[in-house]
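Below: the structure, in C-alpha cells.
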Number of protein chains: 2
Amino acid sequence: MSSEKTLNDWERKFQDNGYRLTTPRREIIRVVAESLKPLSPMEIFDIARQSIPTIGLVTVYRTIEKMESLKLIHRVHHINQCQTIFRSTQDHQHLLICTKCGKTEYFEGLDVEHAFEALSQKYEIEITGHSFQLFGICKTCANKPDKEQPSQ
Amino acid sequence: MSSEKTLNDWERKFQDNGYRLTTPRREIIRVVAESLKPLSPMEIFDIARQSIPTIGLVTVYRTIEKMESLKLIHRVHHINQCQTIFRSTQDHQHLLICTKCGKTEYFEGLDVEHAFEALSQKYEIEITGHSFQLFGICKTCANKPDKEQPSQ
DNA sequence: GTGCTTGCAAATTCTTTGCAACTTT
DNA sequence: AAAGTTGCAAAGAATTTGCAAGCAC
C-alpha cells in the first residue's frame with residue numbers, strides 16, 4: 001500500500017471518528033504515515049515543524065494519542081528506551097508476560113531462529129538480534145477477576 | 001535455577017568485575033534477582049527501601065546500569081511505556097528494524113501463532129497478544145560504515 | 001455559532017550529573 | 001590508605017494539564 005493511500009485512509013479514519021482535520025494535525029499524520037522508521041514524539045515534532053513552524057509539541061503528543069486509539073500506529077521496542085528490567089538468562093530471550101499481574105517467565109518451545117537465514121536473504125538484512133514477548137492472562141488472574149499482584 | 005543461586009551468581013559477577021558489594025547494592029541486586037516480574041527503577045526503589053530506608057533512587061539507577069553491563073538483566077517491552085511509534089498494519093505485527101539507520105518494515109514468512117495453543121497449555125496462560133521484532137543491519141548500512149539516516 | 005483543537009505556560013514525572021562524605025577492599 | 005560508592009541537591013529531559021484564543025464543521 002502506497003503511503004499516499006495510507007495518508008488518505010488515516011485522514012478518513014480521523015473524520016469518521018469525529019476528529020477534525022486541522023492543519024497541524026494533518027501534517028503530523030502525514031509525517032508518521034510516511035515515515036520509513038519509528039519516530040519519537042520529538043522527532044515527529046522536528047519534522048513537522050519544518051512545514052508548520054508554529055506547531056506545538058503538545059499537539060504532537062495529543063495526535064499520537066488519537067492515532068493510537070484509532071490503531072493507526074503502535075509502539076516499538078527500542079532497547080535503550082525501555083526502563084522496565086527483568087533478569088536475563090543466557091539462553092532464552094523469549095518472555096511470557098501476564099498483562100494483569102505482571103508475572104513473567106521465560107518460555108521454551110518456539111524456535112524462531114531457524115527462519116532467520118531465509119529472512120536475512122529475503123529482506124537483505126543481517127539479523128543480529130531479536131525481541132519476542134508473548135502477552136496473556138495467567139491462570140491465577142483468570143480465576144480472580146480483581147486486581148492482584150504477585151508476591152513481589 | 002533457584003533465585004538463591006541467581007543471587008550468589010550475581011554477587012560473584014559484581015566482585016569478579018571489580019565492583020564492590022555494598023549494603024544498598026546487595027539489596028537492589030536481591031530485589032531484581034528474585035522478582036517474578038519486570039520492575040521499573042521506582043518499583044525497585046520502593047521495594048528495596050523497605051529493608052534499607054536510607055537507600056537513594058540514584059543508587060538504583062546506577063546499579064541497574066551495572067547489572068545491564070554485566071548482562072544480568074535486560075529491558076522488557078511494555079507497550080504503554082515505549083514512546084517510539086510506527087504505523088501499524090492490521091495483519092502483521094512483525095518488524096524488521098535496522099539498528100543503524102532505523103529503517104523499519106513489516107516482514108512475513110515466520111509463523112509463530114501456530115505454536116500459541118500448545119504454549120498456552122504448557123504454561124497455563126491464555127495468550128492475548130505478542131510483540132516480535134528482529135534487529136539487524138540493512139544492506140545500505142552494511143555498505144556504508146558511516147552513520148547514515150534514511151530519507152526520513 | 002458551537003464545540004473541538006491549538007499553543008503557551010506551568011506543573012509533573014523521570015533520569016542524569018556534580019560533589020563531599022562514607023565504605024569496601 | 002586508596003579507590004569505588006553513596007545520597008543529596010540540582011540540573012536536565014520528557015510528558016501531562018489548565019486555559020484562553022482560534023479554527024473546523
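Protein chains get the first letters and strands the later ones, always in sequence-line order, with residue 1 at the start of each. Only heavy atoms go into these numbers, but all of them, side chains included; no hydrogens, no water, no symmetry mates.
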Show the atom names and distances, to 0.1 Å, of all donor-acceptor pairs under 3.5 Å that link a side chain in residues 15-25 of chain B to residues at least two apart or in another chain.
| unit_1 | atom_1 | unit_2 | atom_2 | d |
| --- | --- | --- | --- | --- |
| N17(B) | ND2 | K13(B) | O | 2.7 |
| T22(B) | OG1 | R25(B) | N | 3.3 |
| R25(B) | NH1 | R20(B) | O | 2.9 |

*Closest non-hydrogen atom pair between C82(B) and H77(B), with its separation*: SG-ND1, 3.1 Å

*Could you run through nucleotides 19-25 of chain C and give me one letter per nucleotide, 5' to 3': B if any protein heavy atom sits under 4.0 Å from the base, S if only the sugar-phosphate is that close, - if neither?*
----BBS

*Backbone N or O of T59(B) within a donor-acceptor pair of the T63(B) side chain at under 3.5 Å?*
yes

*Starting at CD of E43(B) and ending at P of dT15(C), how long is that distance when rounded to a whole Å?*
11 Å

Report all side-chain donor-acceptor pairs from residues 46-58 of chain A shorter than 3.5 Å, counting only partners two or more places apart or in another chain.
| unit_1 | atom_1 | unit_2 | atom_2 | d |
| --- | --- | --- | --- | --- |
| D46(A) | OD1 | R49(A) | NH2 | 2.7 |
| S51(A) | OG | E27(A) | OE2 | 3.1 |

_Closest non-hydrogen atom pair, I137(A) against A142(A)_ = CG2-N, 3.8 Å

*Distance-only polar pair, side chains of Q93(A) and S88(A), donor-acceptor under 3.5 Å*: no

*Please identify each residue that fulfils ring-ring contact (aromatic ring centres under 6.0 Å, His included) with Y61(A), with sequence neighbours left out.*
none

*Close residues, residues 50-60 of chain B, relative to DNA chain D [heavy-atom separation under 4.0 Å]*: T54(B), I55(B), G56(B), V58(B), T59(B)

_If you compare every side-chain N and O of Y61(B) against the phosphate oxygens of dT15(C) (OP1, OP2), does one of them come in below 4.0 Å?_
yes

*Only counting residues at least two apart or in another chain, list the ones meeting ring-ring contact (aromatic ring centres under 6.0 Å, His included) with F86(B).*
Y106(B)

*List the steps and the verdict of salt bridge (charged side-chain N to carboxylate O under 4.0 Å, His left out) for R87(B) and E34(A).*
CA-CA 9 Å; R87(B) 59 176 192 273; E34(A) 294 182 350; over 6 Å; no

_Contacting residues from residues 66-77 of chain A, given that a heavy atom lies under 4.0 angstrom of DNA chain C_ = K66(A)

_Side-chain ion pair, E108(A) and K122(B), N-O less than 4.0 Å_ = no

*Establish whether L7(A) and L72(A) are linked, either directly or via other cluster members, by ILVMFWY side-chain heavy-atom contacts under 4.5 Å.*
yes

_Using whole Å, what does the distance between atom P of nucleotide dT5(C) and atom CG of N17(A) come to?_
11 Å

*Rounded to the nearest angstrom, tell me the gap between atom CZ in R49(A) and atom P in dG7(C).*
12 Å

*Residues two or more places apart in sequence or in another chain: which of them pass side chain to side chain contact (heavy atoms under 4.5 Å, CB included) with E105(B)?*
Y123(A), L96(B)

_Between R75(A) and E68(A), is the salt bridge (charged side-chain N to carboxylate O under 4.0 Å, His left out) condition met? List the steps._
CA-CA 9 Å; R75(A) 290 156 193 267; E68(A) 188 168 31; 2.7 Å; yes

_End axis versus end axis in the helix from dG1(C)-dC25(D) to dT25(C)-dA1(D), the angle rounded to 10°, five pairs used at each terminus_ = 40°

_Taking side chain to side chain contact (heavy atoms under 4.5 Å, CB included) as the definition, give me every residue that meets it alongside S40(B), ordered by chain and number, with sequence neighbours left out._
M42(B), E43(B)

*For H94(B), what residues pass the ring-ring contact (aromatic ring centres under 6.0 Å, His included) criterion, not counting sequence neighbours?*
F107(B), H130(B), F132(B)

*asked:* Of all nucleotides in DNA chain D that come within under 4.0 Å of a heavy atom of chain A, which is furthest toward the 5' end and which toward the 3' end?
replied: dA14(D) to dC25(D)

